[in-house]
There are 2 protein chains.
Amino acid sequence: MSNPNFQRNTVQRQVILEELCRLKSHPTASDLHEIVRKRLPKISLGTVYRNLDLLSRGGQVLKLVSESGEARYDGNSENHYHIRCVECGRVDDLSETSDDPLENKCADLNGYELLGYRLEYIGICPGCQNIKKK
Amino acid sequence: MSNPNFQRNTVQRQVILEELCRLKSHPTASDLHEIVRKRLPKISLGTVYRNLDLLSRGGQVLKLVSESGEARYDGNSENHYHIRCVECGRVDDLSETSDDPLENKCADLNGYELLGYRLEYIGICPGCQNIKKK
DNA sequence: GTGTATGCAAAGCCTTTGCAGCATG
DNA sequence: CATGCTGCAAAGGCTTTGCATACAC
């Protein structure tokens with residue numbers, strides 16, 4: 001029987017992860033596709049999506065979705081905060097200067113003019129807890 | 001000259017806002033369309049989208065986008081926190097019991113099993129600040 | 001009347017998926 | 001050499017848009 005979590009080490013996956021980690025910015029899938037294409041001219045957008053999905057579900061990559069629904073990816077999976085530009089959608093890292101991110105408003109903002117923040121908790125609702133127990 | 005923010009009071013807009021505010025849940029545009037259709041059978045999905053966009057840009061409604069890119073709307077535009085189910089995408093309100101939401105982990109979670117949170121700052125990046133000044 | 005808003009349908013966009021061939025372990 | 005992965009292209013799903021008509025002011 002085969003291991004359902006088995007994954008192969010493909011050149012495509014390696015290059016995608018390498019290029020994403022090298023970038024300080026947080027590209028969209030299409031941005032990354034353009035970048036990776038410089039090294040692997042034949043790689044398809046579909047492959048980029050498939051690998052970003054695998055990597056983000058594996059925790060090696062972070063997927064960031066904005067209010068507009070646009071997805072961006074972050075090769076730094078360590079816990080850190082982001083600031084997003086409301087005008088152009090650009091996303092940057094924020095240096096974590098204390099354990100309480102909400103109090104960081106005067107910390108280094110990477111040149112950003114701060115407007116606010118979005119906070120959302122993640123969990124499992126009562127209904128889905130029941131389904132899982134069955 | 002006309003006021004760029006001028007808006008007409010249409011029945012459609014009123015009913016969309018009314019129904020959204022009446023709901024405790026946070027429906028998708030399509031969910032809301034189904035609900036509003038009970039009162040206005042001929043209303044189109046496009047009109048629902050157009051009005052939700054107007055209302056959210058006007059601050060009367062909150063637009064919430066999940067990691068998967070799914071958009072949900074909240075008729076309560078007052079500052080409060082949300083918890084989202086990773087299994088089914090359902091979104092509920094969280095009672096705000098202190099000024100520091102990150103410390104609320106033991107507060108009333110509406111029956112949810114808490115897994116974590118997403119925090120993102122919103123601002124204007126240096127590049128866009130320069131564009132605005134010009 | 002003037003110009004915004006609507007309904008309808010088509011178009012857009014980003015993302016996912018089916019498939020046959022490829023290449024990894 | 002079994003089967004996971006790829007490239008390609010088509011399909012999907014949500015959202016936006018163009019257009020003629022309706023209606024708010």
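FYI, side chains are in, hydrogens and waters are out, and symmetry mates aren't considered; it's all heavy atoms of this structure. Letters go in sequence order (proteins before strands), and every chain restarts at 1. In this text, all values refer to a predicted model and were calculated from it rather than measured experimentally.
To the nearest angstrom, P of C:dT16 lies 6 Å from CG of A:Asp53. Atom CD of B:Gln14 and atom P of D:dC25 are 9 Å apart (whole Å). Note: CG (B:Asn51) to C1' (D:dC23) measures 14 Å, nearest angstrom. Between the C1' atom of C:dT4 and the CD atom of B:Gln12 lies a distance of 12 Å, rounded to the nearest Å. Going from atom CG of A:Leu52 over to atom P of D:dC5 covers 14 Å, rounded to whole Å.
Checking side-chain atoms of A:His33 against main-chain N and O of A:Thr47 turns up no donor-acceptor pair under 3.5 Å. Using modelled atom types, no side-chain atom of A:His26 and backbone atom of A:Asp93 make a donor-acceptor pair closer than 3.5 Å. Although no hydrogens or angles enter the test, the distance criterion places a donor-acceptor pair under 3.5 Å between the side chain of A:Arg13 and the main chain of A:Arg8.
Position along DNA chain D of the nearest nucleotide to B:Thr47 versus A:Arg13 favours A:Arg13 as the more 5'-ward residue.
Relative to the side chain of B:Arg50, the nucleotides D:dG18, D:dT6, C:dG25 differ in distance, and D:dG18 lies closest. The side chain of A:Thr10 approaches D:dT6 more closely than any other nucleotide in the set D:dT6, C:dA5, D:dC25.
Minimum heavy-atom separation, A:Tyr112 to B:Gly123: CD2-C, 4.1 Å.
Listed in residue order, the members of residues 16-46 of chain A having a heavy atom less than 4.0 Å from DNA chain D are A:Lys42, A:Ile43, A:Ser44.
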Evaluate the criterion salt bridge (Lys or Arg N to Asp or Glu O under 4.0 Å) for residue pair A:Lys38 and A:Glu19; output intermediate values, then yes/no.
CA-CA 11 Å; A:Lys38 290 173 187 163; A:Glu19 292 297 329; over 6 Å; no
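Hydrophobic cluster membership is shared by A:Val15 and A:Leu52, with clusters built from Ile, Leu, Val, Met, Phe, Trp and Tyr side chains linked at under 4.5 angstrom.
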